[in-house]
Number of protein chains: 2
Amino acid sequence: MKSGYTDQYNTRNKMYVATDCIVFGFDEDGLKLLLFKRKVKPDEGKWSLIGSFVELEEDVDDAARRVLKEITGLEDVFFEQSYTYGKAERDPGYRCISIAQFALIRINDHDRELVKNYGASWHNIESVPQLVLDHDRMVRDAFQKLRDRARRRPIGFELLPEKFTIPQLQQLYEAIYQRKLDSRNFRKKVISLKVLEKLEEKDKTSSKRGAYLYKFDHDNYLKLQESGINFEI
Amino acid sequence: MKSGYTDQYNTRNKMYVATDCIVFGFDEDGLKLLLFKRKVKPDEGKWSLIGSFVELEEDVDDAARRVLKEITGLEDVFFEQSYTYGKAERDPGYRCISIAQFALIRINDHDRELVKNYGASWHNIESVPQLVLDHDRMVRDAFQKLRDRARRRPIGFELLPEKFTIPQLQQLYEAIYQRKLDSRNFRKKVISLKVLEKLEEKDKTSSKRGAYLYKFDHDNYLKLQESGINFEI
DNA sequence: TTATTTTTTTGTAAATTTTACCTCAATTTA
DNA sequence: TAAATTGAGGTAAAATTTACAAAAAAATAA
């Protein structure tokens, strides 16, 4: 029998549940990941995903929301479960299972000050440093899932500002799929899906000619989804 | 502060982690689900998925393997994570998150005696009784996932005996997708994927004429997968 | 002001994939 | 041996995907 005292301080003597967030963002420079430099031992100074233990009275999803709010300042972030990591030995410090969530944010919406204060920063998806524990694996799995999801559902739009151009959308998909797409075919396909609303305005910031801005038409998307469309690009 | 005594007996005062298995099987009568009639309170006598708490020193996957072995007698069952249910109030008895796993078994391989002794039984997917807690939801989600998976990977084969006929395979896919498929197109498609090995033998049990038996060619499948095939049917 | 440069926008033909649809073959049983 | 049942196989039309190049719009340089 273990004493009450031991129980209280032995962090491998009880189950912990955590949630870790794989936060994707997108801007001119491509697809990025929000990482956090650990300030406490063990692994002080190493890069890590952002995460937290789930409180006893807290929904797992709410824990993810809390973490995302705390670090990015954003509420209503799009996120979805990626995978649950449950190896007994995955964390030497705690007997802890972790529910990984992948989150998509509009990189320009978030609170840069807050991120900085937390010792977090954005890393291009192609140059992610080594991470603590099984977080490398989490990133690989989540990126895979992002690719999967983007193929079936228009979640790419969560990463773009409300108004965006078709070339921007294409760059995003190229970053997600990690390959070049034909611009004629891309445009044709994406317009054929009828979930884009063309605006009068043009965006002149990223080209000389300027490109028409579009909005994503959520309502129309929902209608189409009911009648069984697929968003394969 | 709560006393040690309360801590020990208050099952909502600590985190529990469970795994629940959504076990699919397939036979002449269609797609089925393995359910279990609870023998203990609360909800004694109600139908439930099979599951267990995850032990402190146990991988989550191993817990699922343990449960599956215990009830079906089978080792090496195919299973995959479905979703993790983490609402604080999902189980009134425990503060418990549950990692749902969907499992596919060859219904004729399992130990019928064992299943019976455990008070478990097979239920056609179209007439699943009401289940305890959020298990209805788990079944819906897992069935959705099964449909998804079957579309991209040849996991349907996990549900069939080693040797099977094309009409059997078609019946399976019809049960999974819950719609009729055209037999000419189905045959054409499935053969074009080049993952079936035609045998000399015929199965005469399910038709007068008898149908050729096939084996699933795992190696070939892996090769094809590397070169980027998709298994959409 | 004109030429150059850069980026957006648009169409079409060929190839591939999906869909719709029916007849004959093999065997059992009446 | 006739009837009934289920398996096996092909083709044409439709839809989708792929490959591919030239013109339009605007800023900048000459």
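A, B, ... follow the sequence lines: proteins, then strands. Residue 1 opens every chain. Both backbone and side-chain heavy atoms feed into the values below; hydrogens, waters and symmetry mates do not.
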Between the protein and nucleotides 1-6 of chain C, list every N/O to N/O distance that falls short of 3.5 Å.
unit_1: C:dT6; atom_1: O4'; unit_2: A:Lys208; atom_2: NZ; d: 3.3

* **Test item: B:Ser48 side-chain N/O and B:Phe36 main-chain N/O as donor-acceptor pair under 3.5 Å** => no

* Asked: How is B:Lys188 classified with respect to the nucleic acid when contacts are heavy atoms under 4.0 Å: base, sugar-phosphate, or nothing?
  -> base

* Asked: Looking at residues 159-184 of chain B, who's got a heavy atom less than 4.0 Å off DNA chain C?
  -> B:Asp182, B:Arg184

* Check ion pair A:Asp62-A:Arg65 (N to O, under 4.0 angstrom) -> yes

* Asked: So, do A:Phe143 and A:Phe24 sit near enough that their side-chain heavy atoms are less than 4.5 Å apart?
  -> yes

* Asked: Can you give the first and last nucleotides of DNA chain D, 5' to 3', that have an atom under 4.0 Å from a heavy atom of chain B?
  -> D:dT5 to D:dT11

* A:Phe26 and its side-chain contact (heavy atoms from CB on, under 4.5 Å) partner, picked from A:Leu160, A:Ile107, A:Leu104 -> A:Leu160

* Backbone N/O of B:Leu49 and side chain of B:His135: donor-acceptor pair under 3.5 Å -> yes

* B:Lys188 side chain to B:Asn185 side chain, donor-acceptor N/O pair below 3.5 angstrom -> yes

* To do: Determine, for B:Asp203 against B:Lys163, whether the closest basic-nitrogen to carboxylate-oxygen distance falls under 4.0 angstrom.
  => no

* Is the cationic atom of A:Arg106 (NZ for Lys, CZ for Arg) positioned less than 6.0 Å from the six-membered ring centroid of A:Phe78 and within 45 degrees of its normal? -> no

* Compute the ring centroids of A:Tyr85 and A:Tyr83, then answer whether they are less than 6.0 Å apart. => yes

* Rounding to a whole Å, what distance do you find between B:Phe231:CZ and C:dT18:P? -> 13 Å

* Structure fact -> Among the nucleotides C:dA26, C:dA20, C:dG11, whichever has the atom closest to the side chain of A:Asn185 is C:dG11

* Asked: Are B:Asp134 and B:Arg90 ion-paired here, with the side-chain N under 4.0 Å from a carboxylate O?
  -> yes

